[in-house]
> 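Let me begin by handing over the structure; questions about it come next.
Labels below follow one simple rule: chain letters A, B, ... track the order of the sequence lines, proteins then strands, and each chain is numbered from 1. Any value given below was found using the heavy atoms of this structure, including those in side chains, with hydrogens, waters and symmetry copies removed.
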There are 2 protein chains.
Amino acid sequence: MLEYRSPLTAHLSGFGDLGAGDKNLIQEAVGKRVRIAAAHSDIVCEGDSPRWVKVVLEGWAMRYKQLPDGRRQVLALMLPGDICDANAFIHQHMDHSICALTTVRYAEVSQADFEALLTASPRLTRALWWSELVTLSIQREWTTNIGQRQAYERIAHLFCEVFARLQAIGLTQGESCEFPLTQTDIADATGLTPVHVNRMVQALRHDGLIELRDKRLHLRDAAKLRHVAMFTPAYLHLSRI
Amino acid sequence: MLEYRSPLTAHLSGFGDLGAGDKNLIQEAVGKRVRIAAAHSDIVCEGDSPRWVKVVLEGWAMRYKQLPDGRRQVLALMLPGDICDANAFIHQHMDHSICALTTVRYAEVSQADFEALLTASPRLTRALWWSELVTLSIQREWTTNIGQRQAYERIAHLFCEVFARLQAIGLTQGESCEFPLTQTDIADATGLTPVHVNRMVQALRHDGLIELRDKRLHLRDAAKLRHVAMFTPAYLHLSRI
DNA sequence: CGAAGGATTGATTAGTCTCAACGCAAGTGG
DNA sequence: CCACTTGCGTTGAGACTAATCAATCCTTCG
């Protein structure tokens, strides 16, 4: 019989194998306080002073930031296992918001429990640091994506990254995966307008690289897609040495 | 007589006051192994597996990433006190490079010494996490800057941020500060072309917002500059409780 | 049936890029 | 010491990417 792995365990195992004791600690910390957020509702708002570290257990969420004039930037996608600001309580106030894209089931971990995790074992400490550094590395790649790639490449890159991350936690089916973002969401994540995203997505479809409909993404030609996106997954640090 | 504060102490004090013991530990860790990098030389290269955590003591450096076709994105500026990947040794390989902008004096801290710092005192642990989270927060703001702001605003924002960060560590003189980036560097940091950066910098000058020459930046009208940049320094988390 | 959210299309404009050249200052070698 | 180079900033003209504005269509849902 297969052992149940919580999404957080699966996620942290990206760093390396954890001991049974560590896994139990994780299960426990993550099981105490579970909440549900409806799709399109904010989980954390800019200005909040969160007293809990949040861990996505199921569903998709996104970080976003808004400029005074209303422009919105989607900063990151949060998939099952992702930790929402390892140390939310170190910063007084959130400088951005987090919003559910689908119905999201997430755990709230108290400061005490989180610090217990942090110091439980050297292996777990490093796994949590690893997770934080991966978040940072992904953020750097997003900066590069928006700064350097053309619209067509940029959207292709987003698709490659999402697929790779979902694959790492076992949430892909063959060459396809869930993809709940609207074209407007993609636009805000890539720094483009919805209209232009629409045209580029159509181009990607027409070129036989992807299918995208009904919130589902198919990679029709993954190799070519990765090539046009100049996607090299090293920055996801998924290798488990 | 004034106590000497290393740039790292100054930086970490952004989180809150540290105890004398903590400060001594920092001084010691940072004093063991000091190196110099010439301007325009790489300090760490993509693909390296660094065995030391590096701390900038003096001078400016930048992180950058290159796409296969040669396009370059500057990801971050590193100023005195900045820690270069708190846990470089957790990731096997660097997915980007770090390059000196000016002559840089930096410390190399061994894994053992760094972990000793990390566990020395709760206050220091939190200060180092704080530093890492600030890095992440700045990276998010850069994503937003490139994704949402127009060229003119984007460059203005870069100027505001640099000035604010330098001010926090006492490296501004009145309304002016050092600014060793070339217009090409600014271009790679903002996702623009050097030619367009040139025109926008001229516009900023013409509008009486800044002066920029001989590697020196003057804010002529800081309030207006911050306004057009939509600069809100919250994301730098400089407030000391 | 009407309303609402999302995707799509077309026409036009604006912002930024590309290419190409030139100016200037500092550094270098004969 | 001068000719040459090199790096950086500046300027102009034209091309092109992506934004804007404005409809239309489709599906879902109350």
> With a cut-off of less than 4.0 Å, is there a side-chain N or O of B:R154 near OP1 or OP2 of C:dG15?
no

> Return yes if a side-chain donor-acceptor contact under 3.5 Å exists between B:Y64 and B:D42, otherwise no.
yes

> Would you indicate what B:R205 reaches in the nucleic acid, counting non-hydrogen atoms under 4.0 angstrom: base, sugar-phosphate, or nothing?
sugar-phosphate

> Rounded to the nearest angstrom, tell me the gap between atom CD1 in B:I146 and atom P in C:dT16.
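Rounded to the whole Å, the gap is 13 Å.
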
> Rounded to whole angstroms, how far apart are CG on A:D214 and C1' on D:dT27?
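So the two atoms are 10 Å apart, to the nearest Å.
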
> Flag the pair A:D82 and A:R165 as a salt bridge only when some basic side-chain nitrogen lies within less than 4.0 angstrom of an acidic carboxylate oxygen.
yes

> Just the rounded figure in Å: distance from C1' of C:dT16 to CD1 of B:I155.
11 Å

> Using whole Å, what does the distance between atom P of nucleotide D:dA19 and atom OH of A:Y152 come to?
17 Å

> Can you say whether a donor on the side chain of A:R213 sits under 3.5 Å from an acceptor on the base of C:dG6, or the other way round?
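Per atom types, no contact qualifies.
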
> Expressed as a whole number of angstroms, how long is the span from A:K215:NZ to D:dC26:C1'?
14 Å

> So, A:R140 and B:D85, do they make that salt bridge, N to O below 4.0 Å?
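Yes, charged N to carboxylate O under 4.0 Å.
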
> What is the distance from CG of A:N198 to C1' of C:dA7, rounded to the nearest Å?
6 Å

> Assuming nearest nucleotide by heavy-atom distance, tell me which of B:L181 and A:R149 is located more 5' along DNA chain D.
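It is B:L181 whose nearest nucleotide is closer to the 5' end.
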
> OP1 or OP2 of D:dG7 less than 4.0 angstrom from a side-chain nitrogen or oxygen of B:Q183, does that happen here?
no

> Base, sugar-phosphate alone, or nothing: which one does B:T182 contact when heavy atoms must sit under 4.0 Å apart?
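The answer is sugar-phosphate, as B:T182 gets under 4.0 Å only of primed atoms, P, OP1 or OP2.
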
> Could one point to a donor on the side chain of A:R199 or the base of C:dG10 with an acceptor on the other under 3.5 Å away?
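Answer yes: a donor N or O sits under 3.5 Å from an acceptor.
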
> Is the shortest side-chain N to carboxylate O distance from A:D214 to A:R216 below 4.0 Å?
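Here A:D214 does not pair with A:R216 in a salt bridge, since their nearest N and O are not under 4.0 Å apart.
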
> If you compare every side-chain N and O of A:Q202 against the phosphate oxygens of C:dT9 (OP1, OP2), does one of them come in below 4.0 Å?
yes

> If you only use heavy atoms from C-beta on, which nucleotide in C:dG15, D:dT11, D:dG9 is closest to the side chain of B:Q150?
C:dG15

> With a non-hydrogen cut-off below 4.0 angstrom, is B:V201 in contact with a base, only sugar-phosphate, or nothing?
nothing

> How many Å lie between CZ on A:F179 and C1' on C:dA7, as a whole number?
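So the CZ-C1' distance, A:F179 to C:dA7, works out to 15 Å.
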
> Measure the distance from NE2 on A:H196 to C1' on C:dA7 and round it to the nearest whole Å.
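So the two atoms are 16 Å apart, to the nearest Å.
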
> Return the orientation label for the A:H11 and A:W130 ring planes: parallel under 30°, perpendicular over 60°, tilted otherwise.
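It falls in the tilted class, 30° to 60°.
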
